[in-house]
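Structure record follows, encoded as structure tokens.
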There are 2 protein chains.
Amino acid sequence: MAVEPSTPEPSTPGTVRPGGRTARVRAAVLRAAEDALVEHGFSGLDLGDIAQRAEVGRTTVYRRWGSTTALVADLLADMAEQSLPRTDSGSLAGDLRANARLVQRTLADPRQGALFRAVIVAATCDPDAAEALRHFYRRRVEEWAPCVTAAVERGELPPDTDGSEVVRAVSAPLYYRMLTTAEPLDEASADRAAEAAEAAARAGAYRRRDA
Amino acid sequence: MAVEPSTPEPSTPGTVRPGGRTARVRAAVLRAAEDALVEHGFSGLDLGDIAQRAEVGRTTVYRRWGSTTALVADLLADMAEQSLPRTDSGSLAGDLRANARLVQRTLADPRQGALFRAVIVAATCDPDAAEALRHFYRRRVEEWAPCVTAAVERGELPPDTDGSEVVRAVSAPLYYRMLTTAEPLDEASADRAAEAAEAAARAGAYRRRDA
DNA sequence: CCCTTAATGGGACTCCCGTTCCGTTAGGAT
DNA sequence: ATCCTAACGGAACGGGAGTCCCATTAAGGG
């Protein structure tokens with residue numbers, strides 16, 4: 001029988017020699033992808049256009065990522081690395097408001113807001129991008145949940161309150177507002193989201209249910 | 001100067017003779033679009049494929065709608081027409097829970113859930129689809145807001161509570177959960193959303209701020 | 001029932017996205 | 001410094017989405 005000399009696991013490009021040029025190409029392409037997403041949204045994403053912006057060969061982009069969703073998934077992985085440390089105000093109300101305003105400012109910012117809408121779209125179109133998006137939000141929630149735990153320990157909230165659930169409750173109305181209404185995301189809506197989450201938490205709405 | 005005999009406002013097809021065949025074509029195409037959205041999502045939407053499913057000429061679909069986003073916008077307008085009447089349980093908690101469970105069942109349903117994700121994506125890709133989506137949710141919220149107003153009149157909630165805001169607060173965590181986590185949307189999450197919204201409303205988080 | 005023309009449908013054409021082929025460049029190990 | 005080959009980049013190719021043209025069908029008014 002003939003030995004197969006070809007294709008000894010081509011694997012994915014960029015994994016064997018991840019340094020030097022490969023890393024530069026990845027950085028340039030991810031930055032270009034971000035720009036393109038902000039300008040045209042996910043549906044208008046064109047890998048050829050991204051290659052030009054990044055001053056990289058079209059073939060390279062198609063070979064390394066292959067699809068717009070895979071590229072966005074990689075971008076999300078990159079975004080998840082650079083999570084801002086949360087500020088700590090000392091009080092639950094202050095912490096939740098700080099979180100709400102951070103989310104609000106992010107979504108209201110022309111560049112960041114467009115980017116987030118785009119990655120959400122990508123996640124709804126592809127399982128891998130969806131997993132990357134979930135990972136991103138898991139990180140974000142984990143970053144902020146401790147401020148709720150601290151409030152529980154201070155006795156401000158019921159003992160078995162689910163911190164992650166409270167943090168998610170702060171973001172949810174802001175995302176929902178962005179997606180389903182035309183009203184601008186202002187500070188008032190952020191403060192309202194924080195206030196509502198705190199009130200519900202105090203009332204015990206986010207206590208852990210027996211699984 | 002020569003008179004222009006051509007193109008005396010071609011206008012949009014389907015507006016001059018909306019009956020008979022035109023209506024049948026629209027219905028068939030919208031149903032086909034719904035099926036296609038459920039199967040492949042918005043990003044996989046192909047007008048040629050829809051034409052085949054609807055047993056309609058490709059040219060017709062391209063001429064009448066022109067783009068996938070415009071087609072989805074029309075589908076959303078159609079969906080907004082058929083809004084279910086809300087049930088009235090008599091108590092605020094019961095009404096909010098009924099609403100939450102309706103949303104939860106809709107989003108958890110394989111067909112309806114996929115459809116909603118798809119139209120949200122379309123709305124994030126195109127201004128007209130976005131306006132159609134906003135109109136859809138405006139109708140939905142208006143349908144349910146009265147149960148909050150009734151609770152206010154019964155003295156269950158602060159007098160200047162914004163009913164629409166409470167209704168949106170019920171839906172928000174369910175949509176947020178669907179988009180950013182992999183956890184299934186179960187009845188427990190629906191009940192928690194309703195409970196949280198009620199607690200926040202009682203605490204006055206949704207009182208109208210001076211604009 | 002007949003006439004006008006709005007609306008549809010098939011087929012050919014164009015353009016651009018994604019792929020393939022192969023020569024060139026530069027990591028990284030020795 | 002030298003070699004091996006992973007990774008890149010240019011160019012040509014193929015296929016499918018969207019457009020155009022014109023013949024055919026059937027609303028809807030008289």
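So that the names make sense, note that chain A is the first sequence line, chain B the second, and so on, each numbered from 1.
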Exercise. Answer with base, sugar-phosphate or nothing: what part of the nucleic acid does B/Arg64 contact at a heavy-atom distance below 4.0 Å?
Key: sugar-phosphate
Exercise. Measure from the side chain of A/Asp46, starting at C-beta and using heavy atoms only, and say which of D/dG18, C/dC17, D/dG9 lies closest.
Key: C/dC17
Quiz item: Checking all strands, does B/Arg24 fall into the base, sugar-phosphate, or nothing category for heavy-atom contacts under 4.0 angstrom?
Solution: sugar-phosphate
Practice problem: Look up atom CG in B/Leu133 and atom CG in B/Asp126, then write down how far apart they are to the nearest 0.5 Å. | Solution: 11.5 Å
Quiz item: Which of these nucleotides, C/dT8, C/dG18, D/dG18, is closest to any side-chain atom of A/Arg58?
Solution: C/dG18
Quiz item: Want to settle it: does A/Arg63 or A/Leu47 sit nearer the 5' end of DNA chain C, counting the closest nucleotide to each?
Solution: A/Leu47
Quiz prompt | Rounded distance in Å - CG (B/Leu45) to P (D/dG16) | solution = 18 Å
Quiz item: What is the distance, rounded to the nearest whole Å, between atom OH of B/Tyr62 and atom C1' of D/dC21?
Solution: 17 Å
Self-check item: Nearest-nucleotide pick for B/Thr22, side chain only, options being D/dA17, D/dC8, C/dT8
Solution: C/dT8
Self-check item: Atom pair CG/CZ of A/Leu185 and A/Arg177 - distance to nearest 0.5 Å
Solution: 6.0 Å
Exercise. Name the closest nucleotide to the B/Arg21 side chain, picking from C/dA7, C/dG9, D/dA17.
Key: C/dA7
Quiz item: How long is the gap from OH on A/Tyr137 to OG on A/Ser171, to the nearest 0.5 Å?
Solution: 7.5 Å
Quiz item: If you check every side-chain atom of B/Thr59, which of D/dG18, C/dG9, C/dC17 has the closest atom?
Solution: C/dG9
Exercise. Tell me whether the centres of the aromatic rings in A/Phe42 and B/Phe42 are closer together than 6.0 Å.
Key: no
Practice problem: Could you state the atom-to-atom distance from NE2 of B/His40 to P of D/dA17 in whole Å? | Solution: 11 Å
Quiz item: If you find the nucleotide of DNA chain C closest to A/Gly48 and the one closest to B/Thr60, which residue's nucleotide is nearer the 5' end?
Solution: B/Thr60
Quiz item: Could you state the interatomic distance from OG1 (B/Thr106) to CZ (B/Arg140), rounded to the nearest 0.5 Å?
Solution: 6.0 Å
Self-check item: Spacing between A/Arg26 atom CZ and D/dC8 atom C1', to the nearest angstrom
Solution: 17 Å
Quiz item: Atom CD of B/Glu55 to atom C1' of D/dT25: distance rounded to whole Å?
Solution: 17 Å
